[in-house]
There are 2 protein chains.
Amino acid sequence: MRTKILKKPTIKRLPTYLHILRQLSNEGEEYVSTTKLINELEFEPVLVRKDLATMDLPGKPRLGYKLQDLINAIEEYLGWNETSDAFLVGCGSLGVALMGYDPFKDYGLNIVAGFDNDSSKTGKSIHGKQVYNIAELPQMIKEQNIEVAVLTIPWQYAQDVANDLIKAGIKAIWNFTTVKLKVPEGVVTHNENLASGLALFSVKKKLRDNSDIED
Amino acid sequence: MRTKILKKPTIKRLPTYLHILRQLSNEGEEYVSTTKLINELEFEPVLVRKDLATMDLPGKPRLGYKLQDLINAIEEYLGWNETSDAFLVGCGSLGVALMGYDPFKDYGLNIVAGFDNDSSKTGKSIHGKQVYNIAELPQMIKEQNIEVAVLTIPWQYAQDVANDLIKAGIKAIWNFTTVKLKVPEGVVTHNENLASGLALFSVKKKLRDNSDIED
DNA sequence: TAGATTGTTAATCGATTAACAATC
DNA sequence: TAGATTGTTAATCGATTAACAATC
């Protein structure tokens with residue numbers, strides 16, 4: 001297993017590359033050069049070349065990289081060659097969306113069930129996935145050996161529920177609440193901050209004409 | 001109107017501050033110091049102080065900032081003191097979620113209607129908002145003077161639909177597809193890249209034990 | 001006055017960009 | 001051989017952190 005640690009900005013750009021590479025692959029291409037990738041992107045060529053170089057694949061001058069090798073390397077690095085099963089906690093509108101968001105299957109994430117404390121939601125199935133009462137979480141986490149959770153509950157309950165999840169064996173939490181979770185060693189969280197994105201969007205909008213702010 | 005341009009990382013942190021400040025305000029606090037903010041956060045104190053300093057408010061040594069002034073300044077800077085009406089295009093699972101995502105009302109965004117080309121979706125209302133056929137978009141954008149669009153359609157159609165939106169008068173697109181939209185001068189887009197977040201999450205997960213990667 | 005805090009300038013760190021060498 | 005591309009080292013740029021002065 002590769003243990004080389006890439007820079008955070010590089011990691012964030014990898015899915016963008018991967019998306020284009022998969023497209024090119026569908027179109028039957030065999031090799032891909034930085035130049036070809038750049039056409040679809042707004043990154044600097046050197047940046048792309050450096051990012052791809054971190055994958056430690058040999059590129060052929062004049063040709064580029066072997067497309068499939070590059071795809072495999074990125075998928076492997078991200079761990080997207082095998083999917084992890086995950087529980088989603090909080091079947092509000094955002095939770096329901098994520099349960100039905102097809103593209104995740106390309107990103108190594110498989111949400112297998114949802115949980116909620118609202119009895120009007122439990123017992124039904126959403127996007128083909130069963131919704132259970134949150135009380136059943138600990139037992140089901142243990143039984144099914146689930147290590148990944150997606151947290152889409154109101155922020156007021158976030159820390160408490162996270163504590164329960166961790167106690168039951170969850171090792172990684174993708175957190176969509178605005179709360180910065182406090183977690184013990186050995187548990188990772190990642191905050192998906194929609195508000196940050198919206199803030200940036202709002203400011204760009206305001207500065208529309210005289211702006212020099214970049215994405 | 002304030003035209004001072006903040007740094008991108010600062011802008012992304014503002015909503016986090018705002019969230020905590022609003023909480024403190026609800027609890028009846030009148031002043032807030034960096035020290036108090038830090039308790040809820042994982043940022044460096046100096047960083048927070050510098051971010052807040054960009055708001056150009058006088059802080060009182062030993063006391064901190066006047067809470068309400070700080071909240072107002074941040075909201076004003078982000079343009080969140082007044083909400084913009086927006087159309088959402090693409091009522092798939094993600095689109096439906098965003099239409100029903102309550103917190104947006106605190107973030108200056110008001111999605112007033114949805115659009116889709118699937119006749120099984122049009123004519124109904126979702127989360128209290130009407131869904132129209134995408135063919136009606138141009139006319140309705142003009143009639144209602146809408147300048148903001150949220151784009152949650154499959155990426156294959158993203159550029160084409162964006163072109164139509166812009167032609168009809170849309171000035172700002174919050175783009176949830178994986179495509180980097182090409183837009184003319186005077187139109188802003190912001191890409192919300194869920195895949196980037198998931199990539200970072202995946203890598204953190206993989207490196208769980210021996211990691212030195214930071215959020 | 002002492003202490004907690006704001007506010008600012010300088011130093012460090014990290015990421016991007018520029019310049020150029022190597023290769024098929 | 002010429003040219004397109006990979007690959008790498010050095011320079012620049014931007015953001016964070018450290019150090020310290022100012023103030024109530």
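Proteins get letters first, then strands, A, B, ... in listed order; numbering begins at 1 in each.
You'll find the side chain of S93(B) reaches within 4.5 Å of the side chain of H127(A), heavy atoms only.
Look at R49(B) and you won't find any side-chain N or O under 4.0 angstrom from OP1 or OP2 of dG7(C). Listed pair T35(A) / dT5(D) meets the phosphate criterion, a side-chain N or O lying under 4.0 Å from OP1 or OP2. Under 4.0 angstrom from either OP1 or OP2 of dT6(C) there lies at least one side-chain N or O belonging to T34(B).
Separation of the Y65(B) and Y31(B) ring centroids does not fall under the 6.0 Å cut-off. Within the 6.0 Å centre-distance limit, the rings of W174(B) and F104(B) are counted as a close aromatic pair.
Comparing F43(A) and P61(A) by the nucleotide of DNA chain C that holds the closest heavy atom to each, the one mapping nearer the 5' end is F43(A). Ranked by how close their nearest DNA chain C nucleotide is to the 5' end, L63(B) and R62(A) are led by L63(B).
For the pair L6(A) CG and dT16(C) C1', the computed distance is 16 Å after rounding to whole Å. Atom NZ of K12(B) and atom C1' of dT16(D) are 15 Å apart (whole Å). Between M55(A) atom CE and dG7(D) atom P there is a gap of 13 Å when expressed in whole angstrom units. Per the geometry, NZ belonging to K8(B) stands 12 Å off C1' belonging to dA15(C), to the nearest Å. Distance, I38(A) CD1 to dT5(D) P: 12 Å, rounded to whole Å. Taking atom CG of D51(B) as the reference point, atom C1' of dT8(C) lies 15 Å away to the nearest angstrom. Protein atom OH of Y65(B) is 13 Å distant from nucleotide atom P of dT5(C), rounded to whole Å. Straight-line distance from the CD1 atom of I11(B) to the P atom of dT16(D): 12 Å, rounded to whole Å.
When both distances must be under 3.5 Å, the Watson-Crick or G-U wobble mate of dA11(C) is dT16(D). In a base pair of the Watson-Crick type (N1 to N3 plus N6-O4 or O6-N4) or a G-U wobble (N1-O2 and O6-N3), with each distance short of 3.5 Å, dT5(C) is matched with dA22(D).
The backbone N or O of N193(A) lies less than 3.5 Å from no partner atom in the side chain of N191(A), so there is not a single donor-acceptor pair.
Taking every side-chain heavy atom of V46(A) into account, dA18(C) is the closest of dA15(D), dA18(C), dT8(C).
Nucleic acid contact for T10(B): none, since no nucleic acid atom lies under 4.0 Å from a heavy atom of the residue.
Counting atom types as modelled, K50(B) pairs a side-chain N or O with a base atom of dT17(D) as donor and acceptor under 3.5 Å.
A salt bridge links K36(B) with E29(B); the closest basic N to acidic carboxylate O contact falls under 4.0 Å.
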